[in-house]
Amino acid sequence: MNTVTNPPRPSESAVLRWRKSTRSGSNANCVGVASLRTAVAVRDSKDPSGPRLVVGRRDWIAFLDAVKRRELNRSW
C-alpha cells in the first residue's frame, strides 16, 4: 500500500474541492473525494467536518480500477 507521509496542510485542507458521484443523486450513502498534490482525500458526505482518509494516488487509482472490474467482494 502506498502510504501518504505528508498529509494535507491546514491551508490546503481549507481549500479542498470536494465532489461526489453524479450517480449518487439524493442518496445520503456516498463519499466525497478531493484531490491533493500527491494523494486523494475521502470523507463521508453526511459528515463534512468529520474524519478524512488520505490515500496515495496510486492506491486510489488501483481501488477505482478494482471497483470498475467488479473485483471487490460485496458481502453486505
Asks: What do the steps show when you test Val67 against Leu72 for side chain to side chain contact (heavy atoms under 4.5 Å, CB included), and what is the final call?
Replies: CA-CA 6 Å; Val67 169; Leu72 303 177; 3.5 Å; yes

Asks: Which residues pass the salt bridge (charged side-chain N to carboxylate O under 4.0 Å, His left out) test with Arg70, sequence neighbours left out?
Replies: none

Asks: Kindly work out whether a path of hydrophobic side-chain contacts (I/L/V/M/F/W/Y, heavy atoms less than 4.5 Å apart) joins Leu64 to Val31.
Replies: yes

Asks: Could you grab the distance from atom NZ of Lys20 to atom SG of Cys30, nearest 0.5 Å is fine?
Replies: 4.0 Å

Asks: Any chance you could measure Leu53, atom CG, to Trp60, atom CH2, to the nearest 0.5 Å?
Replies: 8.5 Å

Asks: CZ of Arg52 to CG of Leu16: how many Å apart, nearest 0.5 Å?
Replies: 6.0 Å

Asks: Supply the atom-to-atom distance Thr38 OG1 to Arg58 CZ, rounded to the nearest 0.5 angstrom.
Replies: 10.5 Å

Asks: Would you name the heavy atoms of Ala41 and Trp18 that are closest together and state the gap between them?
Replies: O-CZ3, 3.4 Å

Asks: I'd like to check Val54 versus Leu36 (side-chain heavy atoms, cut-off strictly below 4.5 Å). Are they in contact?
Replies: yes

Asks: Does any part of the side chain of Arg19, heavy atoms only, come nearer than 4.5 Å to the side chain of Ser35, both counted from C-beta?
Replies: yes

Asks: I want to check something: taking the side chain as every heavy atom from C-beta on, are Pro48 and Arg43 in contact at a cut-off of under 4.5 Å?
Replies: yes

Asks: Quick test of your reading: applying ring-ring contact (aromatic ring centres under 6.0 Å, His included), list the pairs with at least one residue in residues 29-56, sequence neighbours left out, ordered by first then second residue.
Replies: none

Asks: Between Val40 and Arg57, what is the shortest heavy-atom contact and its length?
Replies: CG2-NH1, 4.3 Å

Asks: Looking at Asp59 and Val55, what are the two nearest heavy atoms and their distance?
Replies: CB-CG1, 3.6 Å

